[in-house]
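Order of the sequence lines fixes the chain letters, A, B, ..., with proteins taken first and strands second; residue numbering starts at 1 for each chain. Quantities reported herein were computed from a predicted structural model and do not represent experimental measurements.
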Number of protein chains: 2
Amino acid sequence: MPAKGVLLAETADVVIAGGGVIGTAIAWRAAAAGLDVLLVDPGRGDAASLVAAGMLAPASEALFGEGELLRLNLLAVRRFGSFAAELEEAAGHPVGVRREGTLAIAYDPGDYVALMRLTAFRRSAGLDAEELDSRACRKLEPFLAPDVHGGVLFAGDWSVDNRRYAAALGEAAQAAKVRVIRDQVLQVNVRAGQARGVRLVEGGDVGSARVVVAAGCWSGSVGGLPQALRGVVRPVKGQLLRLRHPASMPPALTHTIRATVRGTDIYLVPRAGGELIVGATQEERGPDQSVTAGAVHDLLHDAMSVLPVTSELILAETCAGLRPGTPDNGPIVGACGPAGLLLATGHYRNGILMSPVTADAIAAMLTGGPPAPEWEPFTPQRFTTRGRSR
Amino acid sequence: MPAKGVLLAETADVVIAGGGVIGTAIAWRAAAAGLDVLLVDPGRGDAASLVAAGMLAPASEALFGEGELLRLNLLAVRRFGSFAAELEEAAGHPVGVRREGTLAIAYDPGDYVALMRLTAFRRSAGLDAEELDSRACRKLEPFLAPDVHGGVLFAGDWSVDNRRYAAALGEAAQAAKVRVIRDQVLQVNVRAGQARGVRLVEGGDVGSARVVVAAGCWSGSVGGLPQALRGVVRPVKGQLLRLRHPASMPPALTHTIRATVRGTDIYLVPRAGGELIVGATQEERGPDQSVTAGAVHDLLHDAMSVLPVTSELILAETCAGLRPGTPDNGPIVGACGPAGLLLATGHYRNGILMSPVTADAIAAMLTGGPPAPEWEPFTPQRFTTRGRSR
């Protein structure tokens, strides 16, 4: 890997800006398809992918009015299993997919009314959902608080260890001969309506007829993108906690728990290795990544309300990430602006889940295939030509 | 500094086991008195000194039945100012002594009754204490919660930045030619009733006619001490939080706040640099130094109860330390066992506060002076000859 500050005159079949799970998954699949791939990432270790809980949970996350996004997420979770299997083989280690399902919990009667309303909507969208009373919830998860009002089991909602998954993608990409430059893309170079590569922040150019911008919430700051896309992706701050079981303690959970505690949403995601992820806030604070006392308090308080034994766990890490949010909560995937320029960003809360299908879609576009129909609602054009009307 | 594993055949006038604030303050004062001092410390960075809040607060901490300890603590706080001034000169930087005083706060009427009882006792011991109603408390500290019941100002209770103070002691000791070995004392070598130096864990001996054991809660595990002292010092776990103000925010406090929130004690100690320390638990858990979700929640919850703006602060660090507790909560300072062996340990919650007077006392003993009378109740002999009857 060239050192920072070295003037580059590299070329590649495709340059990818951004080494989170989206950019790295694309790099791996494009390289596997025979392309010479160069990935540019500053390596700050602050990718939203590393702060995520890794929920693969389209059913228990489905909201009113997001039907097209739900359809895409359902395709994404169906694709995840085979993609992860291939990835584990390429990387040589498991990525921690858990298939026990997700239990949505309502803490009090008001929370239960809201959960039932959402469950009716999710069933009308064809999703499986099994209603459980408080007793049945505690039969599935004995450490739940006795005063939990009730819940719904979404058996098809999984999770993955986001950090193992991100590491495996990096290893698979490396094994597939993806080259990595530790720098940042300043702008896409364009000549005569055609992308010609990128200019790097530390200096130097990479020549390439195809450029993929997958820089998460920073995607809008890459020069050379259509003006209308500048402010479309915004950072949505999320704080979460990584807890660990003390040596002597049995696992507190086997299912992912999504709970509503007096109107506030929280999730608890168990890992095979004894970790328990608790998240997350959603804050509109610009690029601020500080961990605040109030957020940590509230997350712990709500987690202890539904799972009192949380108090005995070790607080191993507190962290904050910046999700790439969009006006309609949907991703932005496809060609835009000059020929050869592709966007793969705006995955908001579903970057891990959507990384396989996004990599498939972009790899297909890079090798000349037609765009899959499920992506039609999520092209960049919805912001550049139709306005923001969805 | 010799590397670990090198066989040593060093000699010194005095060897000190333990490089927390007690051991390092002794090393500095002994070297300043002309002795050739060798300090042995494993350098794990887990000294209780580094987890402390640095309160110099004998009045607001005085408890029923601890009169001799209170007298010693009052001498300690009076000595602290001149000691810190000399230290700042030796180290070349401030150690962050704050003299604004300590405000004891009662959150609810029950807490207030308890505070008034303690205040009556403290006054009967000759301490200054100014009663303040809720309004007057908030005049001193405008960010306090409006529903705080009342408080008492202890104007003579200070604080110091424990980490700057510990760092300055290390620098002053180095400037005074104290030598440091990164290792651990396995045992005190004794021949014919006289200390002859120490054996190190990594191998090798240091020859010395005087040995000071200042290894905090680990002091009892040093070989060669009288059997009766083995279990006398125990680790008392304390968890605390280091918060930071965001750039745009004015300081939340100027006084140290000691609050009782529905029967639970908490303190908030402001630093000049914009830090706010929140502590602390007191847990009998042996040598466990893990940070637990429950403790962090409870500290944040109580801090936010008395100072709601705490929620806006950045949670910079969570940590746990092991205080050296003793059966009567008093320190263990003085000669014991073989000639030339001195103990300086068991300072429990007052290690920072007592480090100057302890260093004075031990340096005097090392240079042949008589023990000061205020130390008479705190000799090791109260555990070896009189039993544990105090």
Side-chain angles (χ1 to χ4, degrees), chain A residues 51 143 145 237-249 251-253 257 261 264 266 268-270 274-279 281 283 285-320, chain B residues 51 143 145 237-249 251-253 257 261 264 266 268-270 274-279 281 283 285-320:
Chain A
V51 179
F143 288 111
K237 178 177 171 181
Q239 301 191 49
L240 63 70
L241 315 175
R242 308 186 95 82
L243 309 179
R244 258 192 306 119
H245 290 69
S248 54
M249 194 172 154
L253 288 179
I257 300 291
V261 182
T264 305
I266 190 172
L268 300 97
V269 184
E275 218 179 22
L276 184 74
I277 312 299
V278 175
T281 64
E283 304 167 66
R285 297 210 174 211
D288 167 42
Q289 278 182 271
S290 58
V291 172
T292 60
V296 173
H297 169 270
D298 293 352
L299 290 170
L300 288 173
H301 187 265
D302 291 345
M304 285 160 60
S305 297
V306 289
L307 191 76
V309 76
T310 302
S311 68
E312 302 296 318
L313 299 181
I314 295 165
L315 180 59
E317 189 184 337
T318 58
C319 45
Chain B
V51 180
F143 288 112
K237 178 177 172 181
Q239 300 190 49
L240 64 70
L241 315 175
R242 308 187 95 83
L243 308 179
R244 259 193 306 119
H245 290 69
S248 54
M249 193 172 156
L253 288 179
I257 300 291
V261 182
T264 305
I266 190 171
L268 299 97
V269 184
E275 218 178 23
L276 184 74
I277 311 299
V278 175
T281 63
E283 305 167 65
R285 295 206 175 215
D288 167 42
Q289 278 182 272
S290 59
V291 172
T292 59
V296 173
H297 169 270
D298 293 352
L299 290 170
L300 288 172
H301 187 265
D302 291 344
M304 285 161 62
S305 296
V306 290
L307 191 77
V309 75
T310 302
S311 69
E312 302 297 318
L313 299 180
I314 294 165
L315 180 59
E317 188 183 337
T318 59
C319 44

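A distance of 7.5 Å separates CG of B/L315 from CG of A/L315, quoted to the nearest 0.5 Å. Here B/L300 contributes atom CG and A/D298 contributes atom CG; the two are 9.5 Å apart, rounded to the nearest 0.5 Å.
Heavy-atom distances place the side chain of B/L243, and not its backbone, under 4.5 Å from chain A.
Contacts of residues 287-294 of chain A with chain B at a heavy-atom distance below 4.5 Å involve A/S290, A/V291, A/T292, A/A293, A/G294, listed in sequence order.
Among A/A295, A/S311, A/P246, the residue making the largest number of heavy-atom pairs under 4.5 Å with chain B is A/S311.
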Using a 3.5 Å cut-off and no angle test, enumerate the donor-acceptor pairs between side-chain atoms of residues 301-308 of chain A and protein atoms at least two apart in sequence or in another chain.
| residue | atom | partner | partner atom | Å |
| --- | --- | --- | --- | --- |
| A/S305 | OG | A/H301 | O | 2.9 |

